[in-house]
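A short write-up of the structure that comes next.
Note that the numbering runs from 1 along the sequence shown for the chain. Owing to the predicted nature of the structure, the values given are computational and were not obtained by experimental measurement. All ligand and atom numbering here is 1-based and tracks the order in the structure.
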Amino acid sequence: MLKIIIATNNQHKVEELNAMLEGKVELLSLKDAGISVDPDENGKTYAENAFIKAQAVTKFTNLPVMSDDSGIEIDELGEHFPGIYSHRFAVENGGQEKLNKILVSKHPNSKARFTCHIVLLNLNFEGERLDFEGIMEGKINTKIEGINGFGYDPVFVPEGYNHSVATLKPEEKNVISHRYNAVKKLLNYLFENNKI
Ligand code: IMP
């Protein structure tokens with residue numbers, strides 16, 4: 001089976017990605033691979049940050065390496081904001097829970113979207129780079145809702161839904177999410193190129 005190292009220390013992401021890859025790829029976390037890196041994510045876009053993370057890991061392995069960078073964009077906060085700063089924005093606002101409360105009180109119903117950008121390096125040859133991007137459109141909720149998922153899930157209502165992502169079961173989130181939409185493109189590529 002195709003083995004890919006995933007350049008993240010975020011266990012939530014590893015679990016979500018593993019569920020989406022449906023046993024077609026053996027995903028090794030940095031911990032599984034015994035690799036310890038924490039590169040400076042100083043890119044200006046999701047793509048740049050995903051590349052920085054993946055490239056840092058290629059120095060320690062000959063296996064293909066994938067990395068994803070994701071974030072939420074809340075239109076009332078400005079174009080593409082907080083975007084690549086989604087994690088930092090929560091820290092600067094007193095933590096995710098506190099920020100989520102601020103968002104539902106100050107920006108209910110603002111249009112918003114999650115984006116996930118995946119970079120896959122060294123699949124077919126050393127130095128090769130492949131990019132896949134997925135989006136989930138939606139809006140900010142009017143209240144905090146649900147206990148599943150992580151991050152902004154309790155305050156984000158996907159288009160066509162009446163409740164937050166955090167009210168969905170993992171298997172429900174994992175067929176509509178930005179991460180899934182990116183992974184679907186990755187899986188299609190792997191299938192079409194006889195890798196899985
Ligand atoms: P990163 O890709 O680890 O840099 O993720 C950036 C931040 O975006 C995370 O810390 C979360 O706050 C947010 N985020 C990304 N994906 C999701 C998701 O699926 N649900 C909720 N928050 C997310």
>> Can you work out which protein residues put a heavy atom within less than 4.0 Å of ligand 1?
In response: Lys13, Asp69, Ser70, Gly71, Ser86, His87, Gln96, Phe114, Phe150, Gly151, Tyr152, Asp153, Lys173, His178, Arg179

> Is there side-chain contact between Leu187 and Val183, with at least one heavy-atom pair below 4.5 Å?
Replying inline: yes

> Looking at side-chain heavy atoms only, is the closest gap between Lys139 and Lys111 below 4.5 Å?
Replying inline: no

> Parallel under 30°, tilted from 30 to 60°, perpendicular over 60°: which one fits the rings of Tyr152 and Phe114?
Replying inline: perpendicular

>> Under the rule for side-chain hydrogen bond (donor to acceptor under 3.5 Å, both in side chains), what residues qualify as partners of Glu137, not counting sequence neighbours?
In response: Arg113

> If you measure from NZ on Lys98 to CD on Gln96, what distance do you get to the nearest 0.5 Å?
Replying inline: 13.5 Å

>> If I take atom CG from residue Leu99 and atom CD from residue Glu97, how far apart are they, to the nearest 0.5 angstrom?
In response: 11.0 Å

